[in-house]
Amino acid sequence: MASTTQFLISLPPKPPYLLCYSSPSKPRSINITCCLSIQQARNDQTTSSGSNALNGLRVAFAAGGTGGHIYPAVAIADELKLVNPTSELLFLGRPNSMESTAITSAHFEFKSIPAVKLVRPLFSLRNLFLPYFLIKSITKCFSLLSKFEPHLVVGTGGYVSFPVCLAALLKGIKVVIQEQNSVPGIANRFLSLFADLVFVAFNSTVQSFPRKEKCVVCGNPVRLSLKNSVSKAVSRLHFFPWLEKMEGSSEEIKVILVLGGSLGANAVNIALLNVYSQLLLEHENWFIIWQTGVESFNEMESLVRSHPRLLLAPFLHSMNMAYAAADLVVSRAGAMTCSEILATGKPSILVD
């Protein structure tokens, strides 16, 4: 008998996202019953629960560019490994990039592919050789996917996902995409035409896709590490080790976590640049953990004076520690950041 692939998706009880989604009446080989355990049924085998997931499941992820594209893929991979430890997972992205560091830090296998970046405006001369680089990247992706032979490719948006998902489609591999934002980008909008399913975070996002019957509203996935409880005291020592020798009650200490985005949010960085010195001067028990973003770090570092109660970093890989240490989060209102703040229950000031 022909094999059948079935996806079982278990959502958190709160908030009440879409509890059940059925495929359109047209016969399909994919069936969604409710997010995150993927099971493959073959012949007379059935899939009654996530714990019965078939051994040897292989999933490839196309994720890169920004943390908003990378960490949803990491969150999905975390859950797959939790449900089925024998799953084989492969991430594809650019060499010497944010994803190459973030994925290896999360202990997943990573393979690099040639970068293909669409420059705005579309008719810029810098896009003149785009077809050549796209073909080169698709060829590399095709080769890597042929060796790995995944059952499924998951794209989380951004230009990194484009050649990977196209190569998967050419090979006849099932493709699903996950859109974190209220309005999808060019890559996900185009790939949705050919993907088997489109997972979106918001009801309103469905209207942005031409084939609405493919959309499943299920919220944004949050990394497993953020759900693991880490004490506030231990987390603060991780960033400020000298606190252990500090006299007085640790309860008086207040930590502000400032997130300038994975690449850099100028409005957040400039606003903090203007007030950080005064804040630390007026409040001796205040500490600041400041993620500037990779592209803004050098500029901010050259302008910010060193201070024992200020930690400046281009990117924070230990975000579970950062959230646990924080009493307040100041951040750009990115979709994934908002989802993580909700998951960790931290008070926040969001900049749109």
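Rounded to the nearest 0.5 Å, atoms CG (N181) and OG1 (T205) are 8.0 Å apart. Note that OH of Y71 and CZ of R223 are 5.0 Å apart. Values are rounded to the nearest 0.5 Å. To the nearest 0.5 Å, atom SG of residue C215 and atom CD1 of residue I177 are 8.0 Å apart. The distance from the CG atom of L311 to the CD1 atom of I288 is 10.5 Å, given to the nearest 0.5 Å.
Of all non-hydrogen atoms in K111 and L90, the two that sit nearest each other are CG-CD1, 3.4 Å. Contact detail for K81 and L89: the closest heavy-atom pair is CG-CD1, 3.7 Å. Nearest heavy-atom pair, F110 versus E99, reported as atom, atom and distance to 0.1 Å: CE1-CG, 3.9 Å. Scanning both residues, A60 and P150, for their nearest heavy atoms gives N-CB, 4.0 Å. Nearest heavy-atom pair across M300 and N269 is SD-CB, 3.8 Å. When all heavy atoms of M321 and S235 are compared, the pair lying nearest together is O-CB, 3.3 Å.
A donor-acceptor pair under 3.5 Å is absent between the side-chain atoms of T156 and the main chain of A73, judged by distance alone. Side-chain atoms of Q180 never come within 3.5 Å of backbone atoms of A335 as a donor-acceptor pair (strictly under, hydrogens ignored). Side chain of T104 to backbone of S100: a donor-acceptor contact under 3.5 angstrom is found. Not a single donor-acceptor pair under 3.5 Å links the side chain of S296 to the backbone N or O of G293.
Hydrophobic clustering keeps Y276 apart from I270 (ILVMFWY residues linked when any side-chain heavy atoms are closer than 4.5 Å, directly or through intermediates). Cluster membership check: L272 does not share its hydrophobic cluster with L281, using side-chain heavy-atom separations under 4.5 Å among Ile, Leu, Val, Met, Phe, Trp and Tyr. Clustering ILVMFWY residues whenever any of their side-chain heavy atoms sit less than 4.5 angstrom apart, transitively, puts L224 in a cluster other than the one holding F91. Grouping the Ile, Leu, Val, Met, Phe, Trp and Tyr side chains by contacts below 4.5 angstrom, directly or via other members, places F202 apart from V217.
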message: Would R332 and T337 count as a side chain to side chain donor-acceptor pair (under 3.5 Å) here? Give the steps.
response: CA-CA 8 Å; R332 186 179 66 87; T337 302; 6.0 Å; no
message: Assess the residue pair W290 and F239 against the criterion (ring-ring contact (aromatic ring centres under 6.0 Å, His included)); give the C-alpha distance rounded to whole Å, side-chain angles, the decisive distance to 0.1 Å, and a yes or no.
response: CA-CA 11 Å; W290 182 1; F239 295 103; over 10 Å; no
E252 vs N285, side chain to side chain donor-acceptor pair (under 3.5 Å): CA-CA, chis, key distance, verdict: CA-CA 7 Å; E252 297 176 356; N285 62 333; 5.7 Å; no
From CA spacing to verdict: side chain to side chain donor-acceptor pair (under 3.5 Å), Y159, R94: CA-CA 10 Å; Y159 50 84; R94 302 163 303 159; 3.2 Å; yes
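Taking the side-chain contact (heavy atoms from CB on, under 4.5 Å) definition, one finds that S105 meets it with T101, H317, sequence neighbours left out. Under the salt bridge (charged side-chain N to carboxylate O under 4.0 Å, His left out) criterion, K171 pairs with no residue at all, not counting sequence neighbours.
Between W286 and H283, the ring planes are parallel. Angles under 30° get that label, and only those over 60° would be called perpendicular. Using cut-offs of 30° and 60° for the angle between ring planes, the F162 and F190 rings count as tilted.
Separation of the F315 and F297 ring centroids does not fall under the 6.0 Å cut-off.
Between E213 and R211, at least one side-chain N (NZ, or NE/NH1/NH2) sits under 4.0 Å from a carboxylate O, which counts as a salt bridge. A salt bridge links R236 with D327: the distance from a Lys NZ or Arg NE/NH1/NH2 to an Asp or Glu carboxylate oxygen falls below 4.0 Å.
By the neighbour-count criterion of 12 heavy atoms within 6.0 Å, atom NZ of K140 is sparsely surrounded, having that number or fewer from other residues, nucleotides or ligands. Under a cut-off of 6.0 angstrom, the local environment of CD in E109 is crowded, with over 12 non-hydrogen atoms contributed by other residues, nucleotides or ligands. Within a 6.0 Å sphere centred on NZ of K136, other residues, nucleotides and ligands contribute 12 heavy atoms or fewer. Crowding of N274 atom CG: a count of heavy atoms from other residues, nucleotides or ligands under 6.0 Å exceeding 12.
Checked by atom type, the side-chain pair E340/N220 shows no donor-acceptor distance below 3.5 Å.
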